[in-house]
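Report on one structure; see the data block that follows.
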Amino acid sequence: MGILSSLLGVVGFGIGIFSGLLVGFFLFIYSEPKKVEDPVIRPLYELDTSSLEDILPEIPMWVKNPDYDRLDWLNKFILQMWPYLDTAICCRIRNMAPSIFAEYIGKFNIEAIEFENLSLGTLPPKIYGLKFYKTNEKQLVMEPIFKWAGNPNIVLVVKLLSLRIKVQLVDLQIFASPRINLKPLVPSFPCFANIAVCLMEKPHVDFGMKVLGGDLMSIPGLYRFIQETIKRQIARLYLWPQTLEIPILDASTVAVVKPVGILHVKVVRALKLLNMDFLGTSDPYVKLSFSGERLSAKRTTVKMNNLNPEWNEKFKLIVKDPQSQALELQVYDWDKVGRHDRLGMQLVPLKLLTPNETKEFTLDLVKNTNMNDPQNKKRRGKIVVEMTFVPFKPDSIKFNESWDGNGKMESRTSRSLDDEALGKAGLLSVMILGAEDVEGEHHNNPYALIRYRGETKKTKIMRRTRDPVWNEEFQFMLDEPPLHDKISVEVMSSRTGLSLRSKESLGYIEINLTDVVHNGRINEIYHLIDSKNGKIHIEISWNVT
């Protein structure tokens, strides 16, 4: 009965439309021509409710909510591109489908599943509004209102035993409001590495399904069952916080190398060093650095007139890749005048170390790393060092995103730290991202000064701008958590040409580090003190070993 009634309904609808068009055609031919009157133009406020509903059947979101932007231009773009997008999307679906269909082959006596026809039709989706969210993270977050009442031609053939069952999808309608997150933003085209898509609420999905020529959805009770099943499946996969991750750029091209631990080095002693002085003996000291890095090297004290010096001095270095980094030790002879002579050097690959285990090395000093150099056969003495690689604790930081009433994303972290972790050494990382509305009276060439525990670090100068972007990171290695410390960040402006004032303060901020220690990370935009409208964006993290 269901199939028969549906068929009669379709036939009746077709006959009715055809008859109406035919009668209208004959009435148009045999009617007397009438004078065409000029159209009457009436303002909208004179129309009644029913007339307004007729001319505005669907009010766009950008009309109802000022937070949503109008996107007529984008809909025109999609309309022009739709034939090509249809082909590209269908090609992608055909490539992905075999692996999905393979899960059902062999079940329920299914021998094969394939597409007979696959087209999304001629009607493209339409975006009724787009809302952007402001966030402190390196990401772009948007929420479009998406509606699609399409005319797709999708026919699936299921080979079941000796039967070929055709399933056709018709009258497809989808209304959804996805959240699209482009993250992280990177300085490589297209300037974002991944697309994360999730749904903020269950989508509205409506469609018909024809099997063996009959409308399957007309079976009593089956329509609601299929609709609810599909909604639950979509919600399980994509309803927030579940997301669909689409990689855009190769991870190796956008990966930011972050510190993974601390290398503890104890320079113990040196034995039988070369004597480079004509009068007296050498005055040795040791420089420590990672090979290939441009950071300034750490150095021991100078031992005067000593070819067998003992230092027993300890140092800490930040490790980013223990599999590729190597500690470079260079022994120099200090001179009061002129260039210091190098007595010898040696490399120690960090991959020789076992995490959290101290290992002692007694190394023969060489002139350089070229093993074929005959100068390396000359005895230059030995150096004794103790090394321990201590990795940071596994990342237990949980990142939460909350949304305030103004559509702004607030970034928060939470991490439970035990008493033992609070008493350990760690790395304090300060990222100066950028500033807004910093304005000087005499010039606008801003840079930031970071002052902490008597040490001052400086970003690069951004010339002639009130909204500088730095994205520079500074690190401080500490023997204990900075529970009661404050860090000061001041925005300055430096003269680049002729000016009465060479430097000018544009505002400052002091940040209490207690929250950083307990939460592991903060990412905030602060209002600058002594600045009219200035703000600064800072991210601070604390990693313990």
Side-chain angles (χ1 to χ4, degrees), residues 256-268 285-301 311-330 348 350 353 355-359 385-397 413 415 417-432 448-459 472-489 510-522 538-545:
V256 178
V257 181
K258 291 290 186 180
V260 297
I262 295 177
L263 179 66
H264 296 259
V265 182
K266 181 180 180 181
V267 181
V268 182
Y285 68 92
V286 183
K287 280 187 176 182
L288 304 88
S289 62
F290 286 125
S291 56
E293 288 194 357
R294 297 182 179 180
L295 298 177
S296 57
K298 298 180 181 296
R299 55 180 288 178
T300 66
T301 57
W311 287 284
N312 291 312
E313 297 180 16
K314 297 179 180 180
F315 302 90
K316 298 186 185 76
L317 293 91
I318 300 171
V319 178
K320 295 183 178 180
D321 186 2
Q323 295 301 314
S324 63
Q325 286 181 293
L327 177 66
E328 184 174 297
L329 300 163
Q330 300 188 71
V348 184
L350 299 191
L353 302 175
N356 297 312
E357 291 186 8
T358 301
K359 188 172 183 179
V385 293
E386 294 178 0
M387 298 172 57
T388 309
F389 170 55
V390 182
F392 293 132
K393 282 193 170 184
D395 190 9
S396 58
I397 297 176
T413 56
R415 178 175 64 181
L417 296 177
D418 52 21
D419 294 337
E420 182 183 359
L422 286 174
K424 285 192 172 182
L427 179 68
L428 183 69
S429 297
V430 181
M431 173 75 78
I432 308 297
L449 292 177
I450 301 93
R451 299 184 179 95
Y452 181 64
R453 291 192 176 183
E455 189 174 358
T456 301
K457 299 188 177 183
K458 175 183 175 181
T459 67
E472 293 189 45
E473 186 174 12
F474 304 92
Q475 296 164 338
F476 304 87
M477 280 189 297
L478 306 176
D479 293 328
E480 57 184 12
L483 279 171
H484 307 291
D485 290 355
K486 291 184 179 181
I487 191 168
S488 174
V489 180
E510 289 187 349
I511 303 172
N512 196 321
L513 298 179
T514 302
D515 290 341
V516 181
V517 175
H518 287 283
N519 296 329
R521 173 178 173 267
I522 62 171
I538 302 174
E539 178 183 336
I540 307 177
S541 62
W542 169 249
N543 294 297
V544 295
T545 56

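Everything numeric here is computed off the predicted structure, so don't read it as measured data. Excluded from the calculations below are hydrogen atoms, water molecules and symmetry mates; all remaining heavy atoms, backbone and side chain alike, are included.
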For a quick test of reading the model, state the closest non-hydrogen atom pair linking [X] to [Y] and the distance between them.
X	Y	result
W542	P481	CZ2-CA, 3.5 Å
K316	I262	CB-CG2, 3.8 Å
T300	W311	OG1-NE1, 3.4 Å
L288	L327	CB-CD1, 4.4 Å
A297	K287	CB-CB, 4.3 Å
L317	S289	CD2-CA, 4.1 Å

Close side-chain approach of [X] to [Y], heavy-atom, < 4.5 Å:
X	Y	result
M431	E473	yes
V319	F389	yes
I538	I432	yes
I318	F290	no
L353	P322	no
T459	I450	yes
L350	M387	yes
L427	S541	no

* Asked: Residues in side chain to side chain donor-acceptor pair (under 3.5 Å) with T301, at least two apart?
  ->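 E313.
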Reported [atom1]-to-[atom2] distance for the pair [X] and [Y], which is rounded to 0.5 angstrom:
X	Y	atom1	atom2	answer
E472	K458	CD	NZ	10.5 Å
N543	M477	CG	CE	13.0 Å
S429	E539	OG	CD	9.0 Å
I540	F476	CD1	CZ	9.5 Å

* Distance-only, no hydrogens or angles: does the S488 side chain make a donor-acceptor pair with backbone N or O of R451 under 3.5 Å? ->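 No, the answer is negative, given that no donor and acceptor are paired below the 3.5 Å cut-off.
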* Got a donor-acceptor contact below 3.5 angstrom from the Q325 side chain to the K320 backbone? ->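 Checked: pair present.
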* With L513, which of L483, V430, I522, L428 fulfils side chain to side chain contact (heavy atoms under 4.5 Å, CB included)? ->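 For L513, the side chain to side chain contact (heavy atoms under 4.5 Å, CB included) check succeeds only for L428.
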* Check the pair E455, K457 against salt bridge (charged side-chain N to carboxylate O under 4.0 Å, His left out), reporting the backbone distance first and the verdict last. => CA-CA 7 Å; E455 189 174 358; K457 299 188 177 183; 3.8 Å; yes
* **Residues which pass side chain to side chain contact (heavy atoms under 4.5 Å, CB included) with K266, listed by chain and number, not counting sequence neighbours** =>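 Testing K266 for side chain to side chain contact (heavy atoms under 4.5 Å, CB included), a comparison that skips the adjacent residues, returns V268, N312, K314, E386.
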* **Counterpart residues, side chain to side chain contact (heavy atoms under 4.5 Å, CB included), relative to S324 (two or more places apart)** =>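 Only D321 meet the side chain to side chain contact (heavy atoms under 4.5 Å, CB included) criterion with S324.
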